[in-house]
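Read through the structure below, which is laid out as structure tokens, and then see the notes.
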2 protein chains.
Amino acid sequence: MTATAPRTPTKAQLLELVAALGTAQWQDFAAAAARHGLTSVQAKLLSQLKGPVPMRGLATLLVCDASNVTGIVDRLEARGLVRREPDPADRRVKNVVATDEGHETIRRVRAEMQATHSALDTLDEEERTTLYGLLERLRPGLEHRG
Amino acid sequence: MTATAPRTPTKAQLLELVAALGTAQWQDFAAAAARHGLTSVQAKLLSQLKGPVPMRGLATLLVCDASNVTGIVDRLEARGLVRREPDPADRRVKNVVATDEGHETIRRVRAEMQATHSALDTLDEEERTTLYGLLERLRPGLEHRG
DNA sequence: CGGGTTGCTTGACGATCTCAAGCATCAATG
DNA sequence: CATTGATGCTTGAGATCGTCAAGCAACCCG
């Protein structure tokens, strides 16, 4: 009775575990962001900026109203972490781009998610591959959904 | 070249995937809660109430300030989903308990997380067991952390 | 050019969150 | 018992987040 035989978990148990890990990881992210004076939402927006993204696109990515994005970008811009650039093809559109400092900041936030990193470090290569494969299969079903 | 050979994902890829699923699942939860007129935070608090929990305990569980819990419980109590009860052993303490309606509401919210449910349905028993085992191993490292 | 749509911002309002301050109660001490 | 310090909860101020309604500019189409 030392090694617990791997019973099949109920869907409820699995759901609870996924939820618990999701929030734990979010807390880790929020804490890392806070160390750099960012709220979790600001950091999340920043993490979407691999290239220029129009305001509307950010609203879609963050699953929120466009008017909400205005304020978040305002605060990030006031700190010099992002910039609003006019879109050459459509004068209505403003593309948001991360400044060098913005990129560097979000890079550090990701690097400082210690809890998540050390958790992932407990898995060996094969386990990581297995986990990745399973999570990838879960993704399509969880993709935004209208 | 049809079946993609399972490469070992980088830690960054794995981290990104975990983050993406975490937020997707959170969106699913929030949407289900909204259908019952609850914010995600209210629903999350409600989901912690298997038994009586003091205000202070809720603040710890939600990783937030105690003063924040006051307002959230106020709103839930105004709707009759929770109740504040005096603690027999310590008159400072107020224990929060879910009413029958509260329990029923959160049960429905969980049941209505369609995206999450259908995602989990794509896994067979063995895969679920494997996933559960791996996620459980990730849990200790992600458990609250100071 | 006129009319409908789209992208962004503004303003109003509620919910969340933190911090500082305050009150009541508990626990330990003399 | 009275004092002192810690603990549990609430209140109030102030910032952020989030929605909705309204408005303006620019696009698209006929």
Side-chain angles (χ1 to χ4, degrees), chain A residues 23 26-27 29-49 52-79 81-97 144 146, chain B residues 23 26-27 29-48 52-79 81-97 146:
Chain A
T23 46
W26 180 255
Q27 301 285 356
F29 180 68
R35 268 173 248 134
H36 292 271
L38 293 175
T39 66
S40 16
V41 178
Q42 288 167 1
K44 180 147 185 63
L45 190 153
L46 206 47
S47 73
Q48 308 282 341
L49 295 182
V53 183
M55 301 291 289
R56 192 70 195 73
L58 285 172
T60 302
L61 286 170
L62 301 183
V63 194
C64 73
D65 196 274
S67 66
N68 194 17
V69 178
T70 299
I72 301 171
V73 170
D74 279 350
R75 281 167 285 251
L76 286 172
E77 196 170 26
R79 288 191 189 205
L81 299 179
V82 306
R83 230 183 2 245
R84 272 183 248 234
E85 293 183 344
D87 188 298
D90 187 337
R91 273 184 299 167
R92 290 172 301 180
V93 175
K94 291 176 188 170
N95 287 310
V96 182
V97 284
H144 24 218
Chain B
T23 46
W26 179 255
Q27 300 286 356
F29 180 68
R35 266 172 250 135
H36 292 270
L38 292 176
T39 67
S40 15
V41 178
Q42 288 167 0
K44 178 145 187 63
L45 190 153
L46 204 48
S47 73
Q48 308 284 338
V53 183
M55 300 290 289
R56 191 71 195 72
L58 285 173
T60 301
L61 286 169
L62 301 183
V63 196
C64 72
D65 196 274
S67 65
N68 193 18
V69 177
T70 298
I72 301 171
V73 170
D74 279 351
R75 271 154 266 180
L76 285 173
E77 196 170 26
R79 288 192 189 204
L81 300 178
V82 306
R83 227 181 7 243
R84 274 182 247 235
E85 294 183 345
D87 187 298
D90 187 337
R91 273 185 297 167
R92 291 172 301 180
V93 174
K94 290 175 188 171
N95 287 311
V96 183
V97 286

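Every chain is numbered from 1, with letters handed out A, B, ... down the list of sequences. Remember, predicted model here, so these are calculated numbers, not experimental data.
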Rounding to a whole Å, what distance do you find between [X]:[atom1] and [N]:[atom2]?
| X | N | atom1 | atom2 | answer |
| --- | --- | --- | --- | --- |
| B/Trp26 | D/dC17 | CH2 | P | 16 Å |
| A/Gln42 | D/dG18 | CD | P | 10 Å |
| B/Glu85 | D/dC9 | CD | C1' | 16 Å |
| A/Leu45 | D/dG18 | CG | P | 10 Å |
| B/Lys94 | C/dC23 | NZ | C1' | 11 Å |
| B/Asn95 | D/dT7 | CG | C1' | 15 Å |
| B/Asp65 | D/dA13 | CG | C1' | 14 Å |

- Message: So, taking the atom named CD1 in B/Ile72 and the one named CG in B/Leu62, what distance separates them when rounded to the nearest 0.5 Å?
- Response: 6.0 Å

- Report the distance from atom CD of A/Gln48 to atom CG of A/Leu61, rounding to the nearest 0.5 Å. 4.5 Å

- Message: Can you build the contact string for nucleotides 23-30 of chain D? Use B for base contact, S for sugar-phosphate-only contact, and - for no protein heavy atom under 4.0 Å.
- Response: --BBS---

- Query: For DNA chain D, what residues of residues 68-78 of chain A have any heavy atom nearer than 4.0 Å?
  - Reply: A/Asn68, A/Ile72, A/Arg75

- Look at the side chain of A/Arg84 and decide which nucleotide, out of D/dT16, C/dT9, C/dC8, has an atom nearest to it. C/dT9

- Query: Of the nucleotides C/dA15, D/dG18, C/dG7, which has the atom closest to the B/Thr39 side chain?
  - Reply: C/dA15

- Message: Applying salt bridge (charged side-chain N to carboxylate O under 4.0 Å, His left out) to A/Arg83 and A/Glu77, what does each step give before you reach the verdict?
- Response: CA-CA 6 Å; A/Arg83 230 183 2 245; A/Glu77 196 170 26; over 6 Å; no

- Query: Any side-chain N or O of A/Arg56 less than 4.0 Å from the OP1 or OP2 oxygen of C/dT5?
  - Reply: no

- Within the structure, does a side-chain N or O atom of A/Ser67 lie under 4.0 Å from either OP1 or OP2 of D/dC20? no

Nearest atoms (heavy-atom pairs only) where [X] meets [Y]:
| X | Y | result |
| --- | --- | --- |
| A/Ser47 | A/Lys44 | OG-O, 2.7 Å |
| B/Val96 | B/Val82 | CG1-CB, 3.9 Å |
| A/Pro54 | A/Val93 | CB-CG1, 3.5 Å |
| B/Trp26 | B/Ser40 | CZ2-CB, 3.5 Å |

